[in-house]
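These notes concern the structure reproduced below.
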Amino acid sequence: MTDLVRYTKNGDVGVITIENPPVNALSPGVPEGIDEAIQAIAKDPEVKAAVLIGGGKTFIAGADIKEFVKLTSGTRQNDIGILPFLLKIEDSTKPVVVAIHGNALGGGLEVAQACHYRVASADARVGQPEVNLGIIPGAGGTQRLPRLVGVEKAIEMCTTGKPVKASEAVQFGLIDRIIDGDLLAGAVAFAREVAGKPTRKTRERTEKLGNAEQNAPVFAAARESARKKYRGMICQLAAIDAIEAATKLPFEKGCEEEARLFYQCLYSDQSKAQIHAFFAEREVSKIPDVPKDTPTIPVNSVAIVGAGTMGGGIAMVCANAGIPVVIKDTDQAALDHGLATIQKNYATSVKRGRFTQQYVDERLKLIKTTLNYADFANADMVIEAAFENMALKKEIFAELDRACKRGAIISSNTSTLNIDEIAAVTSRPEAVIGMHFFSPANVMRLLEVVRGRKTGKDVIATCMQLSKKLGKVGVLVGNCRGFVGNRMFLPYIREAQFLVEEGATPEQVDKALVDWGMAMGPLAVGDLGGLDIAYRIRKEFRHLEKPGARQPFVEDRLVEMGRLGQKTGSGWYKYDGERRASSDPEIASLVKKWNAESGIPQRQISPEEIVDREIYIMVNEGARILEEGFALRAGDIDTIYVNGYGFPAYRGGPMWYADTVGLKKVYDRISEFHRQHGALWEPAPLLKKLADSGKKFADYERDSARAAD
Ligand code: 3HC
């Protein structure tokens, strides 16, 4: 066998164990090793059946994604070649039982589909998550899965990419038996039960494939839904095409069609961007001066200041991770209101089937409230989520310094304020850090972990580790105004306003960006969050703006008229009782009038210009952030945008997108906007440097970074 696959015998059952940590990916050597073991089993008269199992924490989590990168970048010539070895497993005359624990994902589930029987631990997860990488199953998954589970279920699994629990998969025939207790022992016993029986090849099964008449409406509905739900993406439609091929063509021909579609997706810009997003998300935990073995502080209890929307959401996040929380506010009414909101949110989740009532009851038991800082004395970590005001935060942190035990982490959920200034009021700035959750905190995956000048490395390591436990993508950022996400987002929102002030309608601005792939348009986002928030930030920081730089005015007037967005029923749009937006003729006439008064020349603005101005203004700011060291890598910025700002993963994030366009082209366009619109468009020096030298943001490595020193 190869180093990555171990073959042993348990009496008359051959046991093939994959040993390719951490996730047993199908890297070169794994398929070959399994193949050799299958051959050894065929030749050994003592062996009557086989078990295929993963060593360590999991079964196979898929093909080795790094090999795909080598293929598309030209450093690997031959294809991945998993299909042929799966045929050999399937052709084995001795039954092969796959035993699944942890994850059987992508190529891992495809291996399992080629085996004759599938047994699993109840909490194992099985799925075809290829669409998350912009591709489709490429090792027969679109052909074998519908044969095992039927067309509809196969479409669902291959288009959503969501894994299902083995305990659920057993109900639709993907798993044959759940094994309680020792998986290997259960699988070996199962193998003995089926030894000697004729094997059944999945590829020869047709009973669940349906007929053309039944399938036609299913495929039509799936395509319609995919076009809506995965706007702009190509892989979901390709997955549906491949599954349709399974219903119309013989297996071999279906596999050829799958391969054609698989490679079409793999070589697309979309897949390259999504694979970048996958690795970038994993890279964020690598902090040069905070290595993996940095000691961490156990966080077994959390105290939260503020029972508002953020405080309540953060409390739910902690409770969902099994961490007890105590929430403090200044009066009982605020606490009661906060707790009622938490209960309401949980009730909605139960209604939608996301949580069971029992799960929610257990979570609610973990949430306590208090009016007194004395109840913070034993907390391992505090997350302050009070009103965004420096004087107030300073008062709170001085209190926390008195109330908290030594060794506790004291963090702030501030989205704009200076962490060092907050830390300075305490006697322990090394314990102070920013934990910037995004709203709604219990839904959004992003968490900016903000490093202050004196923040301890153990505190950083703990917060990065905790973010994973909380189900968040924690990205370490430096302490600058708006940190990384909002520092780039503010110019984006501002530019949207300028576009309206030059003659584009709010609908045109939002539509151009939604058509391009953003989850929402910038003006609709403003309405959602409340226009008064950005208004307050603009007023508070006006003194920091470049002198003489252009200021937007329309949104300020909307706020001053009381049009604060969804919460007041009107902002850039008007909203009905269900918060559904529609165009507002009043806005159209107000904007027209104000624009005329401003003297700004009015013109038609193309969707291309809208997108260029919106995305490039962010890219330019991102380049400054990178050069100043407030983000460790361009990929960290991309991770922030894909996970916190509705940036389409299939474009990889703003910095990856700019690299794809070519930095020279981006620089030239920004220079053009600089000439037209003045100082706010001054190209970032790093952008110019990289553009001049033909490099990419992805190539850029700083010697040191403020998110790392
Ligand atoms: N290929 C290569 N590396 C992989 C990998 C894969 N399929 N899956 C995970 N890794 C790497 C990660 O990059 C990470 O490396 P690092 O430590 O150097 O950063 C390491 O394994 C651990 O990964 P995570 O940090 O993500 O570990 P978790 O325990 O949090 O999650 C997981 C485990 C759920 C398996 C998650 O890693 C995951 O979702 N992996 C991708 C699964 C997937 O998409 N599979 C399909 C691949 S495409 C395919 O199979 C095509 C086929 O149809 C031909």
Side-chain angles (χ1 to χ4, degrees), residues 4 18 20-31 54 56-72 76 79-86 100-114 123-145 154 157-165 235 238-239 242-243 255 258-266 271-272 274-287 291-293 445 464-465 467-474 633 635-636 639 643 649:
L4 305 177
I18 301 146
N20 185 21
V23 298
N24 286 328
L26 289 167
S27 315
V30 174
K57 283 195 293 201
T58 183
F59 187 63
I60 302 167
D64 188 334
I65 305 165
K66 291 191 198 87
E67 296 301 314
F68 293 148
V69 177
K70 288 185 197 159
L71 207 56
T72 52
R76 180 188 164 129
D79 78 12
I80 307 293
I82 303 170
L83 259 178
F85 107 91
L86 296 188
I100 302 170
H101 71 300
N103 293 293
L105 300 176
L109 183 57
E110 291 170 300
V111 170
Q113 289 160 20
D123 61 353
R125 299 184 325 145
V126 293
Q128 300 284 178
E130 286 87 345
V131 284
N132 298 328
L133 304 169
I135 53 177
I136 65 168
T142 61
Q143 308 301 299
R144 287 195 182 88
L145 189 61
M157 289 181 70
C158 293
T159 56
T160 64
K162 279 196 191 128
V164 288
K165 279 226 172 123
C235 59
I243 294 170
C255 286
E258 177 192 85
R260 188 186 70 76
L261 291 161
F262 172 82
Y263 284 109
Q264 200 177 67
C265 289
L266 183 66
S271 171
K272 288 178 194 156
Q274 283 179 259
I275 289 180
H276 158 72
F278 175 85
F279 283 118
E281 188 182 316
R282 274 135 192 100
E283 193 77 12
V284 292
S285 60
K286 292 166 191 144
I287 303 159
K292 280 255 178 289
D293 57 0
R445 287 185 81 216
M464 293 301 287
Q465 202 182 60
S467 62
K468 206 162 181 187
K469 185 170 175 191
L470 298 179
K472 303 288 167 201
V473 181
R633 293 158 284 246
D636 288 20
T639 302
N643 290 285

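As the structure lists them, so they are numbered: ligands from 1, and atoms in each ligand from 1. We count residues from 1, following the sequence as given. It should be emphasised that the depicted structure is a prediction, and the values quoted were computed from it without experimental measurement.
- Here L26 has no heavy atoms under 4.0 Å from ligand 1, in either its backbone or its side chain.
- Remark: ligand 1 atoms within the under-4.0 Å shell around heavy atoms of L133 are 44 (O), 47 (C), 48 (S).
- With contacts defined as side-chain heavy-atom distances shorter than 4.5 Å, the pair Q264/R260 qualifies.
- Between the side chain of E283 and the main chain of D636, no donor-acceptor pair closer than 3.5 Å is present.
- Counting atoms of ligand 1 from 1 in the listed order, those under 4.0 Å from a heavy atom of P129 are 43 (C), 44 (O), 45 (N).
- Ligand 1 has a nitrogen or oxygen under 3.5 angstrom from a nitrogen or oxygen of A63.
- The shortest non-hydrogen separation linking L133 to Q274 is C-CB, 3.7 Å.
- Residues V111 and F85 have side chains in contact (heavy-atom distance under 4.5 Å, counting atoms from C-beta outward).
- The nearest heavy-atom contact from the protein to atom 36 (C) of ligand 1 is R282 NH2, 3.9 Å.
- A distance-only check finds no donor-acceptor pair linking the side chain of H101 to the backbone of D123 [under 3.5 Å].
- Looking at E110 against ligand 1, only its side chain comes within 4.0 Å, counting heavy atoms.
- A heavy-atom distance below 4.5 Å is found between the side chains of K272 and T72.
- Closer than 4.0 Å to atom 8 (N) of ligand 1 lies at least one heavy atom of the protein.
- The closest approach between a heavy atom of K286 and any atom of ligand 1 is below 4.0 Å.
- Within a 4.0 Å radius of atom 11 (C) of ligand 1, the protein contributes no non-hydrogen atoms.
- For atom 29 (O) of ligand 1, no protein non-hydrogen atom is found at a distance below 4.0 Å.
- Considering both main-chain and side-chain atoms, P137 never comes within under 3.5 Å of ligand 1 through any nitrogen or oxygen pair.
- Proximity of a side-chain donor or acceptor of E258 to a complementary backbone N or O of G140 within less than 3.5 Å is detected.
- Not a single heavy atom of N132 sits under 4.0 Å from any atom of ligand 1.
- Nearest protein heavy-atom contact of atom 43 (C) of ligand 1 is A61 O, 3.5 Å.
- Within a 4.0 Å radius of atom 18 (O) of ligand 1, the protein contributes one or more non-hydrogen atoms.
- Remark: minimum distance from atom 3 (N) of ligand 1 to any protein heavy atom is reached at K66 NZ, 4.0 Å.
- Between the side chain of E281 and the backbone N or O of T639, no donor-acceptor pair lies under 3.5 Å.
- No heavy atom of G141 sits closer than 4.0 Å to any atom of ligand 1.
- Here the side chains of L145 and P137 are not in contact, with every heavy-atom distance at 4.5 Å or above.
- Among all protein heavy atoms, the one lying closest to atom 1 (N) of ligand 1 is I65 N, 2.9 Å.
- Shortest non-hydrogen contact noted between V131 and C158 is CG1-O, 3.2 Å.
- Residue contact check for ligand 1: K468 places a non-hydrogen atom closer than 4.0 Å to it.
- Between the side chain of N20 and the backbone N or O of A25, at least one donor-acceptor pair lies under 3.5 Å.
- Considering only heavy atoms from C-beta on, N103 stays 4.5 Å or farther from V23 through its side chain.
- Of all protein heavy atoms, the one lying nearest to atom 32 (C) of ligand 1 is N103 ND2, 4.4 Å.
- Taking distance alone, with nitrogen or oxygen atoms compared against 3.5 Å, G107 approaches ligand 1 more closely than that limit.
- Q113 places no side-chain N or O within donor-acceptor distance of the main-chain N or O of R144, the cut-off being under 3.5 Å.
- K292 has its side chain within reach of S285: a pair of non-hydrogen atoms, C-beta onward, lies under 4.5 Å apart.
- Atoms of ligand 1 lying under 4.0 Å from at least one heavy atom of G106, given by number and element, are 46 (C), 50 (O).
- At a 4.0 Å heavy-atom cut-off, ligand 1 touches V23 through the side chain alone.
- Among protein heavy atoms, atom 2 (C) of ligand 1 sits closest to D64 OD1, 3.3 Å.
- Counting only heavy atoms of the protein, atom 20 (C) of ligand 1 lies nearest to P22 CG, 3.6 Å.
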